[in-house]
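Working notes, beginning with the structure itself.
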Amino acid sequence: MSYGYGGGGGGGGRRGRRGGRGYRDSSRERWDRGGGGGGGGRGHSRNSDFGSRDEQERGGGQRDRPPPHLKGREIGLWYARYGAVRRKQADRRSVCTQDILYLFAHVCMCDYKKNRNMNNFVPIDRAYRPFPPFLSFSYLKDEPPDQWDEEEQQEEKEKVRAKEKDLEYLFHKVVRDSDLDDYLKRDLQGKKLDLKYQEMLEVVELINCNRVVVVSGETGCGKTTQVTQFILDDHIERGMGSLCRVVCTQPRRISAISVAERVAAERAETVGDGNSSGYQIRLQCRLPRRQGSVLYCTTGIILQWLRSDPLLSSVSHLVLDEIHERNLQSDVLLVIVKDLLKLRQDLKIILMSATLNAEKFSKYFDNCPIIHIPGLAFPVEEFLLEDVVEMIRYRPQRQDHRPSRKRGFMQGRHSRPEKEEKEAEYRESWPCYARTLQGSCCLLVVVAPCWFGVPVNCWCCLVSLVWQEGAILVFLPGWDNISSLNDLLMAQQMFRSVQSHLLLSPQVFKRPPPGVRKIVIATNIAETSITIDDVVYVIDGGKIKETHFDTNNNISTMAAEWVSLANAKQRKGRAGRVCPGKCYHLYNSLRASLLDAYQLPEIMRTPLEELCLQIKILKLGPIAGFLRKALDPPTEKAVSLAIKHLIDLNALDRSENLTALGVHLARLPVEPHIGKLILFGALLGCLDPVLTIAASLSFKDPFFIPLGKEKMADMRRKTLSRNSKSDHLTIVNAFQGWEEAKRRGARYEREYCWDNFLSANTLQMLHNMKGQFAEHLMGAGFVSSKDPKDPMSNVNSENEKLIKAVIVAGLYPKVAMIRPSHSKKRPGVKVYTQADGKVCIHPKSVNAEETEFNYTWLIYHLKMRTSSIFLYDCTEVSPFSLLFFGGDITIQKDEDQETIAVDQWIVFRSPARIAHLVKSLKKELDSLLEGKICNPAPVDWHNRQSKDCAVITAIIDLITTQEKPTSSTNSASYGRPWASAPRGQHIYFNDDDDDDDDDN
DNA sequence: GAGCACTGC
């Protein structure tokens, strides 16, 4: 298929569509229906008339001829443009004296003027050179390579002359040409008949005739921006525009905004402002008019809408985009929508999916019709490891045999059972597969020690191999691999003399200047979330990090796994955005044959507590029953575990009804533990700092740790912790510092963030989220102002110990025990949890290397198993905070000691008299808090006579002053009455390092 | 001694 100049040309048209400029008619592109399915395959996708040089050369000698459908003047102009293209190519070849290496986190530049010595670069056997012509290294030379010789230059001159001749018309008077008139008219009519109007009718007709339609097509085929507009315009044309309100869900905030902006531009409008297109995402919206409009929003927004409008009565068409990604939220919305169809006869559902699994969604909705929109991507040639090894003539070298794998890289020992089965199958099939490779060098790949499954040299060779025009995108699973590959490449002569830029630089997205080329090394963030437009080569490392929830051990895990076919396809697609590309998958064909079709849907690998609360607040029926209706239901074990946790948290009662606390937690847009933290922050008068903590735990940590600056970043965080032994308070301190710096001006803000390794964007988001939480609290009646900084909500905000107690109240029972370590090799402490035994404090925590703790207990929020089990954030907490804000208290009197225990495992020695006092005070507190939760009202801190205030103040005093010897409750003869009792009967591990004295 | 990716009226 070809695009003559009348159609705008392949390249020009694409630019128009992507650039977001120009009006709809000029920018909307044809959806090629004759293409024979999908855009990924070779040869049938769109291409420009000029094609690539390789293709023309391989394609049978048509390289200098215009396409046959062109006539007269078009042929002349074709030559003119062709000449320009060839000249540009020639220019590029001659000026490439500098190259650039972009890293996702590091942006590095290298200057070939200083390092042109190719001999130091390619570490393979030189006897296998030269490379095939299309892999020439000619760009490294100052002069064009030999192949680009006189003959071609002569051709070039001829093209220029042809072009000049043709362009003479510029100086002629315009005269009427009736042939041309006819042609233009036919052309325009043809376009109307053949292209978009016809297709619009087809799509819209299908939607009009069916309640549910699946629209399948690859990313970039225009379905997101076009289908919505087709629906709207059809209604407007039929004089029914006011009945149309299209809502289109997006999995990511950024895409909701960019798509809305793109549609607005196509319609020659601004986004929002009561126009026909707009967006809504959390804390940010530009709404279109209520009727006759298209709204793009994140999926979470619709789930929130459902709380106040379970029928989505204001929506006429609900478009669910990117459902093939199988996000938790889109899977949940699918179940809801399926039920909603029974109640809303007039609602139209349009499901948009990648081609790969469109069928599945159609089946889910009673075999609803599927319409396919061919992709606009360029063809991408794919290679597997066997091809790559063959191409680079790989032979193992002596240096290959030194171990080059970084510690714990594969993290295979924690692999999931299903993955283990796949591995077994791979091992089983290996001998047979190996026989088919007899004599091929591919076998060596497996024999030689590898970095990341691929011999170290291969990586450098491969990068050099594709060191052609166009950007290179390398997919690796994690930062450590990115860092290693960076080091690997930097060790090569050609990449020496680099300038490093910290952080994700905007340069990653920019086209490099002439003569400069880029390599982007990225995680799967570059699969969907960011798009680097000029990528021509993709190197797919074949692995992806995946979180999973291990229901047997009740722990989240993250490990590098083999990609799914869907990931591989998505990665490949990244190479075909500007011209035909190439994709190198670094796994062999046996592995390729064993790849899963898709990643496990998120709903099947994530804890479900929050989702269960949502199901209850949306009144969607019994939790298990609802989840069984999902496209891929989570396991019953995962569901019952989540319900059990919610009962333990007192969010659900035994009959699975929401408690008063559960209702509040379900309303807050955070997971239940963080919700509880927020409520306690409000009730105990330390709202502002607690909201900072809640926002950061729920969104993300504002600290970033650049590669190579780990020590410095650690030091700055440690300073900000002010010896609080708390990651949570460190964030509070950092946030307060940021607020102060921001007040002083933008320059100070920038400096503060830079000095302390903080992200201003994240801090701003946290600030906005805090406002949202405070509004919720005011709406529910817990505070009297929607300002998180309102003095009435912050009477205790300076009380660090109380804030720590509130963290316990929110995060309990996520508690770990600290024991001293006697290891000489690794000084510090040992940390244990009840369920996991020994765990590690994550190295980024301010407590990671701490040896001096005041107490023996930590509270944490995120625990995950990667190379070990890590507590990602933690705060040292006191016994009193655990006693008052933890679980049930039991008092025991054994022969030699009296103890008080929280949930029977956090055991303290205590005289019975004090233990009983604590227990009764805790009972008072519980009933008071229960009352507050059932009938929310701000605590009247001024009225010290009120019972509320009396009890709370007593507890606050106790928590605040506990370790002082003169403390009122800490009376008389107890030197260390609250020391932990490691020999308590329920402590599960045998750690014989108790050196506490018994003063009793 | 380590950081897949998202999201919330």
Side-chain angles (χ1 to χ4, degrees), chain A residues 104-105 249-256 280-285 287 295 297-309 314 322 325-333 406-409 411 475-483 522-530 541 543-548 556-561 563 567 570 599 602 605-606 610-611 613-614 617 666-671 674-675 695 698-701 703-707 710-711 713-714 757 765 768-769 772-773 775-776 779 826 828 840-845 848-849 862 864 866-868 870-873:
Chain A
F104 173 51
T249 65
Q250 292 294 314
R252 283 167 288 281
R253 294 161 60 89
I254 185 83
S255 43
Q280 182 173 356
I281 59 178
R282 184 183 198 176
L283 299 167
Q284 206 177 320
C285 65
L287 296 176
L295 176 78
C297 64
T298 39
T299 319
I301 295 282
I302 292 284
L303 291 173
Q304 294 290 334
W305 280 11
L306 284 161
R307 297 182 179 196
S308 48
D309 179 9
S314 66
E322 315 272 17
E325 289 183 16
R326 304 301 308 272
N327 296 330
L328 178 66
Q329 293 179 323
S330 75
D331 267 17
V332 171
L333 191 53
K406 276 189 82 174
R407 123 211 63 76
F409 170 71
Q411 293 150 11
F475 283 100
L476 289 176
W479 283 52
D480 48 348
N481 323 120
I482 289 177
S483 167
T523 60
N524 48 335
I525 196 171
E527 263 180 43
T528 50
S529 307
I530 63 169
K543 290 248 171 169
I544 191 168
K545 277 200 182 167
E546 212 175 65
T547 53
H548 197 252
S556 294
T557 64
M558 183 170 66
E561 310 280 8
V563 292
N567 293 124
Q570 180 71 20
Q599 275 183 284
E602 195 184 353
R605 51 185 177 90
T606 196
E610 207 182 339
L611 176 56
L613 279 187
Q614 281 203 352
I617 197 90
R667 284 190 180 147
L668 283 164
V670 291
E671 55 181 281
I674 297 173
S698 144
F699 181 52
K700 62 177 134 168
D701 183 341
F703 289 104
F704 61 82
I705 307 166
L707 287 172
E710 292 83 353
K711 282 266 183 275
D714 285 358
F757 298 93
M765 184 70 186
N768 297 346
M769 287 171 70
Q772 191 191 25
F773 297 153
E775 262 183 61
H776 270 281
R826 196 179 287 177
C840 305
I841 298 177
H842 193 276
K844 81 172 181 188
S845 163
E849 290 182 338
L862 180 61
M864 192 152 55
T866 56
S867 51
S868 322
F870 286 108
L871 309 182
Y872 280 72
D873 55 285

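The shown structure was predicted, so the numbers you read here are calculated from the model rather than taken from an experiment. The basis for the numbers below is simple: all heavy atoms, side chains too, and nothing from hydrogens, waters or symmetry mates. All chains are named by letter (A, B, ...) in the order of the sequence lines, taking the proteins before the strands, and each is independently numbered beginning at 1.
- Side-chain proximity of Arg253(A) to dG3(B), dG8(B), dC9(B): nearest is dG8(B).
- At the heavy-atom level, Ile544(A) lies nowhere under 4.0 Å from the strands shown.
- Here dC4(B) is the nucleotide among dC4(B), dG8(B), dA2(B) with the atom lying nearest to any side-chain atom of Lys545(A).
- Within 4.0 Å of Gln599(A), counting heavy atoms only, lies no atom of the nucleic acid at all.
- Nucleic acid contact for Gln280(A): sugar-phosphate only, since backbone atoms but no base atoms lie under 4.0 Å from a heavy atom of the residue.
- Within 4.0 Å of Thr547(A), counting heavy atoms only, lies at least one base atom of the nucleic acid.
- The side chain of Arg252(A) approaches dT7(B) more closely than any other nucleotide in the set dC4(B), dG8(B), dT7(B).
- Backbone-only contact: Gln772(A) has heavy atoms under 4.0 Å from sugar-phosphate atoms and none from a base.
- When the nucleotides dA5(B), dG8(B), dC9(B) are ranked by their closest atom to the side chain of Ile281(A), dG8(B) comes out on top.
- Checked by atom type, the side-chain pair Gln772(A)/Arg282(A) shows a donor-acceptor distance below 3.5 Å.
- Across all non-hydrogen atoms, the minimal contact from Thr249(A) to Ile302(A) is CG2-CG1, 3.5 Å.
- Nearest nucleotide to the side chain of Met558(A), out of dT7(B), dC9(B), dG3(B): dG3(B).
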Residues 326-333 of chain A, side-chain donor-acceptor partners within the protein, below 3.5 Å, at least two apart:
unit_1: Arg326(A); atom_1: NE; unit_2: Asp331(A); atom_2: OD1; d: 2.9
unit_1: Arg326(A); atom_1: NE; unit_2: Asp331(A); atom_2: OD2; d: 3.3
unit_1: Arg326(A); atom_1: NH1; unit_2: Asp632(A); atom_2: OD2; d: 2.8
unit_1: Arg326(A); atom_1: NH2; unit_2: Asp331(A); atom_2: OD2; d: 2.8
unit_1: Arg326(A); atom_1: NH2; unit_2: Asp632(A); atom_2: OD2; d: 2.9
unit_1: Ser330(A); atom_1: OG; unit_2: Asn327(A); atom_2: O; d: 3.3

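- Within 4.0 Å of Ser308(A), counting heavy atoms only, lies at least one base atom of the nucleic acid.
- Among the protein residues, Asn524(A) comes within range of the nucleic acid bases, having at least one heavy atom under 4.0 Å from a base atom.
- Take Phe773(A) and apply the ring pair (Phe, Tyr, Trp, His ring centres under 6.0 Å) test, not counting sequence neighbours, and it matches no residue.
- Within 4.0 Å (heavy atoms only), Asp701(A) reaches no atom of the nucleic acid at all.
- Look at Ser698(A) and you won't find any side-chain N or O under 4.0 angstrom from OP1 or OP2 of dG8(B).
- Comparing dC4(B), dC6(B), dC9(B) by their closest approach to the side chain of Thr523(A) singles out dC4(B).
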